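Some notes on the structure that comes next.
For the numbers below, each heavy atom of this structure counts, side chains included, while hydrogens, waters and symmetry mates do not. Here the structure is a predicted model, which is why all the values come from computation and not from measurement. We count ligands from 1, going down the list as the structure has it; atoms in each ligand are counted the same way.
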Amino acid sequence: MKAIRNVGRLFTPGHEVRRDVDVLIDGERIAAVVPAGTGRGDDDSFDCRGALVTPGLIDAHTHPVYAAPRLEEVARRAAGASYSEIASLGGGINATVASTRDTPIEVLQEGARSRFSRWLEQGTTTLEAKSGYWLNHTGEIEAVRLMAALSADPSLPRLCVTFLGAHELPAEFRDDRDSFVREVESWSEEAAGAGAQFCDVFCDQGAFSVDEARAILLAGRRAGLGLRIHADEIALTGGSHLAAELGVASADHLLRIGDAEITALKRAGCTATLCPVTALNMGQLPPARSLIERGVPIALGTDHNPGTSGTTSMSLVVYLAVCEFKMTVDEAVTAATWGGARSLQLHDRGLIEDGMLADLTMWDADHEGAFAWEPGLRAMAVWRGGQLVKGSS
Ligand code: NIG
Ligand code: FE
């Protein structure tokens with residue numbers, strides 16, 4: 001039995017913070033949380049010296065495999081150009097698709113690997129990771145396979161892989177949308193076999209319509225994939241209602257939604273995954289308080305991608321959820337742990353309770369208020385399945 005000793009404050013969603021405890025770990029799981037100094041002695045223990053420990057953070061929305069960020073475009077947007085304008089001029093997702101298709105897979109894999117280790121360094125132990133920068137059969141399946149392979153590396157965070165073949169209409173299908181939609185539908189089964197757990201669609205103005213998204217998501221469901229959707233980010237086009245109709249696990253972004261959409265999401269039991277860095281980048285905030293007040297469970301994501309969000313720091317995301325979305329610290333940390341697990345339908349993490357995976361983060365603070373004080377609070381130690389993967393005693 002391993003022990004993480006002298007936790008000054010142990011934050012776990014749904015419970016009062018516990019002070020001065022030890023976390024006992026058996027193999028890769030939490031065995032017990034006991035008052036400090038009362039657990040069975042063991043040489044293999046780590047002294048937290050009174051620091052704050054939370055479940056390892058869970059990033060519920062990322063696009064991590066791509067050739068290079070589109071920085072020139074980001075600067076143009078900062079000077080007033082819109083995301084849609086840039087995309088219609090050949091920039092946006094299709095620009096990343098062109099450069100990603102031209103880059104050897106080994107190079108992309110190394111890029112993804114180094115990003116994944118940054119996530120872990122910053123206290124994230126699970127992240128959702130989407131394909132979507134090939135938009136062709138071979139590339140999309142290869143992306144899924146690459147991420148599934150990296151997921152087995154115990155020095156990286158755990159990955160939950162999402163097949164996003166419908167991220168954008170690729171240039172070569174500009175005059176034949178229907179054929180592309182049918183193509184993506186036909187890839188789902190292989191994506192599931194290659195290690196994808198979810199199917200996602202960018203359902204929005206300039207991307208895919210509600211009818212197209214429905215067809216693709218239903219094909220994903222037939223292939224055994226869970227469902228998530230990019231909904232109502234750029235314009236209110238009906239993605240949230242589709243999310244509710246299909247009972248998806250997660251409806252993401254939701255920058256443009258109103259009361260009717262919130263009611264539909266609540267009824268359907270969908271988790272709302274909000275991405276504050278993108279929201280700020282796009283200049284539009286989602287109705288986070290209304291979602292919370294109406295009882296819609298919230299998850300948070302960095303939405304790391306080459307166009308609208310370069311961060312890999314979930315503690316920065318928690319900071320922004322508090323300061324910009326007006327969530328309480330408790331709500332934001334809960335969304336970044338339990339909420340993420342719920343949105344990914346992973347019931348073995350996101351809480352510090354007996355039997356859960358021992359995925360934990362110790363922070364450079366002795367109180368969770370620090371998340372709202374220091375943008376990007378530093379992780380000092382990280383455990384994945386009971387193994388210390390960052391920090392030293
Ligand atoms: O979640 N909205 C679609 N996908 C990303 C943006 C991807 C990109 O611009 O490359 C997002 O914001
Ligand atoms: Fe996204």
Side-chain angles (χ1 to χ4, degrees), residues 59-78 81-101 108 111-112 115 127-135 140 143 147 160-171 198-208 212-213 216 227-237 239-240 243 248-256 272-286 299-312 317 320 340 343-344:
D59 186 341
H61 187 136
T62 87
H63 303 255
V65 189
Y66 57 84
R70 306 189 304 272
L71 303 179
E72 185 264 344
E73 187 180 294
V74 176
R76 263 197 287 156
R77 273 213 322 282
S82 78
Y83 187 84
S84 311
E85 261 160 48
I86 290 175
S88 67
L89 294 170
I93 293 167
N94 264 317
T96 299
V97 168
S99 59
T100 302
R101 285 179 180 175
L108 293 162
R115 276 172 217 130
L127 60 115
E128 186 264 9
K130 304 176 199 293
S131 71
Y133 290 112
W134 274 266
L135 311 181
E140 288 297 315
M147 293 188 280
C160 181
V161 180
T162 294
F163 164 59
L164 178 56
H167 196 190
E168 174 78 292
L169 188 70
F198 283 93
C199 176
D200 190 350
V201 175
F202 186 11
C203 177
D204 217 314
Q205 179 182 290
F208 293 92
E212 291 165 342
I216 292 162
L227 304 184
R228 39 208 322 114
I229 181 169
H230 284 69
D232 301 320
E233 175 188 358
I234 293 165
L236 187 63
T237 62
S240 307
V248 304
S250 177
D252 296 32
H253 290 300
L254 311 176
L255 302 185
R256 316 279 161 177
T273 297
L274 306 181
C275 304
V277 173
T278 307
L280 289 170
N281 212 280
M282 303 293 277
Q284 174 80 31
L285 302 184
L300 291 170
T302 58
D303 189 24
H304 178 93
N305 75 72
T308 59
S309 167
T311 192
T312 49
V317 165
L320 294 173
S343 103
L344 298 171

How about [X] and [Y]: does a side-chain donor come under 3.5 Å of a side-chain acceptor?
X: Arg115; Y: Thr312; value: no
X: Thr308; Y: Asn281; value: no
X: His167; Y: His230; value: no
X: Ser240; Y: Asp232; value: yes

Treating [X] as the side-chain partner and [Y] as the backbone partner, does any N or O pair qualify as donor plus acceptor under 3.5 Å?
X: Arg77; Y: Ser82; answer: no
X: Thr100; Y: Ala67; answer: yes
X: Thr273; Y: Leu300; answer: no

Q.
With a 4.5 Å cut-off on side-chain heavy atoms, are Asp204 and Tyr83 touching?
A.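 Tyr83 does not reach Asp204 side chain to side chain.
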Q. Can you find an N/O atom of Thr278 closer than 3.5 Å to an N/O atom of ligand 1?
A.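 No: no nitrogen or oxygen of Thr278 is under 3.5 Å from one in ligand 1.
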Q. Looking at ligand 1, does any of its N/O atoms fall within less than 3.5 Å of an N/O of Thr96?
A.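 No; every N/O pair is 3.5 Å or more apart.
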Within a distance under 4.0 Å of any heavy atom of [X], pick out the atoms of ligand 1 and give their elements.
X: Phe202; result: 2 (N), 3 (C)
X: Thr308; result: 12 (O)
X: Ile93; result: 7 (C), 8 (C), 9 (O), 10 (O)
X: Asp303; result: 1 (O), 11 (C), 12 (O)
X: His61; result: 1 (O)
X: Arg70; result: 8 (C), 9 (O), 10 (O)

[atom]: nearest protein contact (heavy atom, Å):
atom: atom 2 (N) of ligand 1; result: Glu233 OE1, 2.9 Å
atom: atom 5 (C) of ligand 1; result: His63 NE2, 3.5 Å
atom: atom 9 (O) of ligand 1; result: Tyr83 OH, 2.6 Å
atom: atom 10 (O) of ligand 1; result: Tyr133 OH, 2.6 Å
atom: atom 1 (O) of ligand 1; result: His253 NE2, 2.8 Å
atom: atom 4 (N) of ligand 1; result: His167 NE2, 2.9 Å

Q. For the side-chain contact (heavy atoms from CB on, under 4.5 Å) test, which of Leu227, Asp200, Leu344 pairs with Thr162?
A. Asp200
Q: List the steps and the verdict of ring pair (Phe, Tyr, Trp, His ring centres under 6.0 Å) for His304 and Tyr66.
A: CA-CA 11 Å; His304 178 93; Tyr66 57 84; 5.7 Å; yes
(Q) With respect to the Fe ion (ligand 2), please indicate if His61 possesses an N, O or S atom at a distance under 2.8 Å. (A) yes
Q. So, is Cys275 placed with an N/O/S atom under 2.8 Å from the Fe ion (ligand 2), counting both backbone and side chain?
A.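 Within the cut-off used here (under 2.8 Å), Cys275 places no N, O or S atom near the Fe ion (ligand 2).
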